[in-house]
K.L.:
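Here it is, the structure in full.
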There are 2 protein chains.
Amino acid sequence: MSRRTYDQYCALAKALDVVGERWTLLIVRELFAGPQRFSDLLQTLPGIGNGLLATRLREMQAAGLIESSELPPPAASRVYQLTRRGRQLDEAVTALGRWGEVLLAAPTSEEHRHPLWLLQSLAAHTRHMPNSTPELARLDVDILLDGQQLHLRIRSGRAMAGRGSHPHPQAAITTTGETLYALKKGQIQVEGAIETGQIEIRGDQEVARRVLRLLTLSEPAA
Amino acid sequence: MSRRTYDQYCALAKALDVVGERWTLLIVRELFAGPQRFSDLLQTLPGIGNGLLATRLREMQAAGLIESSELPPPAASRVYQLTRRGRQLDEAVTALGRWGEVLLAAPTSEEHRHPLWLLQSLAAHTRHMPNSTPELARLDVDILLDGQQLHLRIRSGRAMAGRGSHPHPQAAITTTGETLYALKKGQIQVEGAIETGQIEIRGDQEVARRVLRLLTLSEPAA
DNA sequence: CGGAATCCTCTTCGATACTG
DNA sequence: CAGTATCGAAGAGGATTCCG
């Protein structure tokens with residue numbers, strides 16, 4: 001009955017009362033990439049258990065973070081999506097993710113993996129750096145990453161990753177997480193990876209290259 | 001024995017594995033304002049229970065977030081403080097705090113309060129806005145807030161709140177949380193509050209005014 | 001008195017089984 | 001597919017005790 005709270009008159013404590021519980025911010029991360037059904041979330045969040053997911057979704061709805069909507073027939077299913085308030089968590093989630101990046105050791109492990117998470121991570125960095133050249137004002141590309149269909153929206157140099165394909169992509173990239181990771185590390189270059197076939201591009205070649213270069217840019221020295 | 005983790009190869013999940021558990025980020029918040037002893041933390045974090053605090057401090061030490069050091073006699077006590085890695089949480093904690101600010105309703109409640117938390121909250125906003133005029137390059141002032149001795153360090157327009165007094169303050173301000181809150185809301189002005197005695201200043205009047213104006217600046221329209 | 005370890009109760013979590 | 005019901009296990013909170 002009694003939701004556990006910190007009972008502190010402090011903005012951080014209040015925020016943690018709402019999003020500090022287990023799984024909540026990971027659900028937010030999933031919904032940043034687009035609406036999801038109950039069972040979609042169950043799949044991408046291994047270990048959560050359906051009871052707890054139901055509870056979290058109810059709490060998050062009550063807190064105004066998400067809303068659910070019925071898809072019209074014949075889909076006849078319910079999807080959950082972020083509200084404006086929920087989307088405002090972008091900055092905090094992004095900052096936390098950047099902080100956690102150095103904790104990513106070798107990907108070899110019993111860990112669950114998902115191409116989206118890598119793309120979100122790379123996209124998060126672009127929202128940290130001031131990259132707003134006119135060339136990066138507005139770009140939309142599809143990315144088939146390790147067989148998963150994703151897309152990237154770039155607005156004023158800031159990238160957001162999403163599931164599925166974009167309605168009007170200017171280009172389509174096919175590659176692997178390994179390749180993106182090597183690019184980010186500076187171990188290979190965009191042009192080289194295209195030549196060796198590690199990256200395939202359809203549509204606007206220049207747009208795709210711009211996106212790839214933005215995404216795999218290294219952090220400037222602080 | 002088995003620390004609970006999300007087991008996801010994802011930067012956000014990794015970050016939450018380390019700082020996502022109950023109380024951890026609130027401990028970080030306290031240590032942002034300076035080193036603290038075990039019992040200091042117990043006092044400022046009502047409800048934590050000493051066993052859990054000990055556990056958290058051990059975990060945070062193992063994760064490289066904090067370190068403990070013995071004070072030389074006659075103090076003969078141990079203090080905990082953030083490491084560099086721990087201080088890097090600044091951005092994430094600040095972003096979360098800003099997100100939570102709208103959840104602060106009327107301060108009338110059973111909630112625990114502490115002048116430091118208000119000051120940290122106000123300071124967090126200055127780190128969000130680009131305010132880097134030469135006048136705000138480097139300022140250090142003491143603040144006696146609701147009887148609590150605190151201080152503010154301002155570097156390049158970005159304020160950090162701390163406990164106790166600064167070794168070399170340029171000015172000292174005495175006021176109340178209520179007054180700062182009203183200033184932030186725009187209900188009163190700095191000059192007016194000084195005239196009515198709601199704010200007292202010793203030392204460099206101009207420095208104190210600059211700090212107060214920075215601190216209580218309203219958010220520019222996004 | 002500061003800094004914990006111990007014990008006990010209550011809540012939350014995670015997995016499985018079950019229902020509309 | 002979208003949840004609810006249930007139950008053992010882990011975690012949290014409070015008090016007490018121990019040690020220097």
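Here is the naming used below: chain letters follow the sequence lines, and residue numbers restart at 1 for every chain. Predicted model, so just to flag it, every value in this text is computed and none were measured.
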K.L.:
Tell me: CD1 of B/I66 to P of C/dG3, nearest whole Å?
P.N.:
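Those two atoms, CD1 and P, are 13 Å apart.
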K.L.:
Below 3.5 Å, does any donor atom in the side chain of B/N50 face an acceptor in the base of D/dA15, or the other way round?
P.N.:
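Such a pair is found, so the answer is yes.
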K.L.:
Let me know the distance between CD1 of A/I48 and P of D/dT4, rounded to the nearest Å.
P.N.:
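Checked: the CD1 to P distance equals 14 Å.
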K.L.:
State which of D/dG3, C/dG14, D/dA2 makes the closest approach to the side chain of A/Y80.
P.N.:
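Nearest to the side chain of A/Y80 among the choices is D/dG3.
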K.L.:
Hey, is CZ on B/R56 packed in by over 12 heavy atoms from elsewhere, all under 6.0 Å?
P.N.:
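Buried by this count: over 12 neighbours within 6.0 Å.
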K.L.:
Would you mind reading off the distance between B/E21 atom CD and D/dA10 atom P, rounded to a whole angstrom?
P.N.:
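My rounded result for the distance is 15 Å.
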K.L.:
Please work out which of the three classes, parallel, tilted or perpendicular, describes the rings of B/H168 and B/H166, given edges at 30° and 60°.
P.N.:
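Answer is perpendicular, since the angle exceeds 60°.
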K.L.:
Given atom CD of A/E70 and atom C1' of D/dA2, what is their separation to the nearest angstrom?
P.N.:
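After rounding, the reported distance stands at 10 Å.
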K.L.:
Of the nucleotides C/dA5, D/dT4, D/dA10, which has the atom closest to the B/R4 side chain?
P.N.:
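So the side chain of B/R4 is nearest to D/dA10.
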K.L.:
What is the distance, to the nearest angstrom, from the CG atom on B/L53 to the P atom on D/dG13?
P.N.:
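It works out to 12 Å between those atoms.
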K.L.:
Run the salt-bridge test on B/K14 and A/E111 with the 4.0 Å N-O cut-off and return the result as yes or no.
P.N.:
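Judged by the 4.0 Å cut-off on N to carboxylate O distance, B/K14 and A/E111 do form a salt bridge.
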K.L.:
Measure from CZ on B/R56 to C1' on D/dG11 and round the result to the nearest Å.
P.N.:
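To the nearest whole Å, that distance equals 8 Å.
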K.L.:
Checking A/R163 against A/F32: charged group under 6.0 Å from the ring centre and within 45 degrees of the axis?
P.N.:
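No - A/R163 does not lie over the ring of A/F32 by the 6.0 Å and 45° rule.
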K.L.:
Does B/W23 place a side-chain N or O at less than 4.0 Å from the phosphate oxygens OP1/OP2 of D/dG13?
P.N.:
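For D/dG13, OP1 or OP2 has a side-chain N or O of B/W23 closer than 4.0 Å.
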K.L.:
Rounded to whole angstroms, how far apart are CZ on B/F38 and C1' on C/dG3?
P.N.:
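Rounded to the whole Å, the gap is 6 Å.
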K.L.:
Less than 4.0 angstrom between a side-chain N/O of A/R22 and OP1 or OP2 of D/dG11, yes or no?
P.N.:
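The answer is no; no side-chain N or O of A/R22 sits under 4.0 Å from OP1 or OP2.
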K.L.:
Would you please say whether a donor-acceptor pair under 3.5 Å links the side chains of B/Q61 and B/S68?
P.N.:
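Yes, B/S68 and B/Q61 have a side-chain donor paired with an acceptor closer than 3.5 Å.
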K.L.:
Look at the side-chain N and O atoms of A/S77 and state whether any lies under 4.0 Å from the OP1 or OP2 oxygen of D/dC1.
P.N.:
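No, because none of the side-chain N or O atoms of A/S77 sits under 4.0 Å from OP1 or OP2 of D/dC1.
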K.L.:
With respect to the side chain of B/R58, which nucleotide from D/dG3, C/dG3, C/dA5 is positioned closest?
P.N.:
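Within the option list, the nearest is C/dA5.
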K.L.:
Among the nucleotides D/dA12, D/dC1, C/dA4, which one has an atom lying closest to any side-chain atom of B/L52?
P.N.:
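That would be D/dA12.
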K.L.:
Atom CG of A/L42 and atom C1' of D/dG3: how far apart are they, to the nearest Å?
P.N.:
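Roughly 9 Å, once rounded to whole Å.
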